[in-house]
Amino acid sequence: MEKAKYEWGEGVFTLLSWFKKDKVKNARVLVAGAGALGNEVVKDLALFGIGHIFVVDFDQIELSNLTRSVLFREEDAYSHAYKAEIVAKRAMEINPQIKVTPIVGNLFSEVGFGIYRSVDVVIGCLDSRIARYLLNRLCMRAGKSWVDGSIENLTGTVRVYTPGVSCYECGLSREEFNNIMLRTGCADVVRNQSSAGRVATTPISASIIGAMQVQEAMKIIHQEDDNGKFKTLQGKMLRYEGMTNSMNIYKFASWKHNCPAHEKWENIIDGKNLSATMKVRELFSELKTLLGVKALEINMRNNKFIDKIVSDNPEKEYEVMLPESKLDDYINSNAELRKLSYRTLFHKSYFEIIESDFPYQELSLQELGIPLYDVIEVPTDKGLFYVELSGDAQLYA
Ligand SMILES: [Zn+2]
């Protein structure tokens, strides 16, 4: 039987006069984390018909996730499927008229900054402070609001951070900040942290908090035609207590002077012919033409390229040739290195600045640890430039 033509949300949007169908259809939302909260958030975004959702998570599904993750099935745990990929697939089953792009990787070093710049709002469904700290840096850098959700037992909180109003880093205590600093030496910390720092949660708090996050995100998407209709949580914290059925809103705005997170990248140059798939050598020559400069280098802000590691005891050198974000996987997948890692230290030989005499000119930017559609920081003889690898944009259109 032929199916009737149906446009998603027809009835809903005529009833809900404050949300506009076209706005929602054209909206782009990035969801960081595809655990219990991420499942709820993506499900609601899909039901609303948000046109393009990006889901970022590096983790694989385990049986223990099934009790609070509406989009996961038992077979996904047995096949060790990636959370981001399953969330994307199931959300598009719920609503075939939207696009959901999964990104398997960590939100800091493996998501192109162009994606952060291209979205209307970011929703944080994270379970560690360090991941929030890193996501906040990226959102402030891109000038985007982000809606943070957190759940523990029967309680949960929602906070909205907006550049110029409130910042996650500004709200950290000295002790929390020092704790994060101790662990940010390595690009892989996000991975270690998130898989270790599990808290007890219920499917109820995940659905309540996830739903509130999506509602806040919808308000941000409609901010321009708001006219004071919406009471948003920008600069505020909502706290829900399941034990007592109470919900309170606290003022939470914190925007300090001289906070390093407020570094906004502006005047970004559109590198239409540039892609992270290009070789270093090709990129240098294209950049010289594009920027009209003679000398340049590339600062890797979110990752490092490791060419080798040296073990302490016994002293031995291992060729790696990978981004730092892949180093843990590399060590864990090599039996000799894995054994060694329990009893010796590895010293890394790495590059965080790519200069014109970089010895591995035939490697691509991706191989160095610069993701597709990223924005690169380029110091030159004529000053500092930020250049977007816009040639990759069509992959995320
Ligand atoms: Zn700040």
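Order of appearance sets the numbers: ligands from 1, and atoms from 1 within every ligand. Values below: all heavy atoms of this structure, side chains included; hydrogens, waters and symmetry mates excluded.
- The pair Lys83-Asp59 meets the salt-bridge criterion, since a charged nitrogen lies less than 4.0 angstrom from a carboxylate oxygen.
- Note that the CD1 atom of Ile61 and the CG atom of Leu66 stand 8.0 Å from one another [nearest 0.5 Å].
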Please table the atom pairs, donor to acceptor, closer than 3.5 Å between any side-chain atom in residues 262-271 and protein atoms at least two apart or in another chain.
{"residue": "Glu263", "atom": "OE1", "partner": "Arg301", "partner atom": "NH2", "Å": "3.0"}
{"residue": "Glu263", "atom": "OE2", "partner": "Trp265", "partner atom": "NE1", "Å": "3.1"}
{"residue": "Glu263", "atom": "OE2", "partner": "Arg301", "partner atom": "NH1", "Å": "3.0"}
{"residue": "Asp270", "atom": "OD1", "partner": "Ser390", "partner atom": "OG", "Å": "2.3"}
{"residue": "Asp270", "atom": "OD2", "partner": "Lys272", "partner atom": "NZ", "Å": "3.2"}

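- Separating the CE atom in Met140 from the CD atom in Glu169 is a distance of 9.5 Å, to the nearest 0.5 Å.
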Evaluation steps, side-chain contact (heavy atoms from CB on, under 4.5 Å), between Met218 and Val24:
CA-CA 8 Å; Met218 293 294 280; Val24 173; 3.7 Å; yes

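- Counting only N and O atoms by type, the side chains of Asp307 and Tyr360 include a donor and acceptor under 3.5 Å apart.
- With a cut-off of 2.8 Å, the protein N/O/S atoms near the Zn ion (ligand 1) add up to 4.
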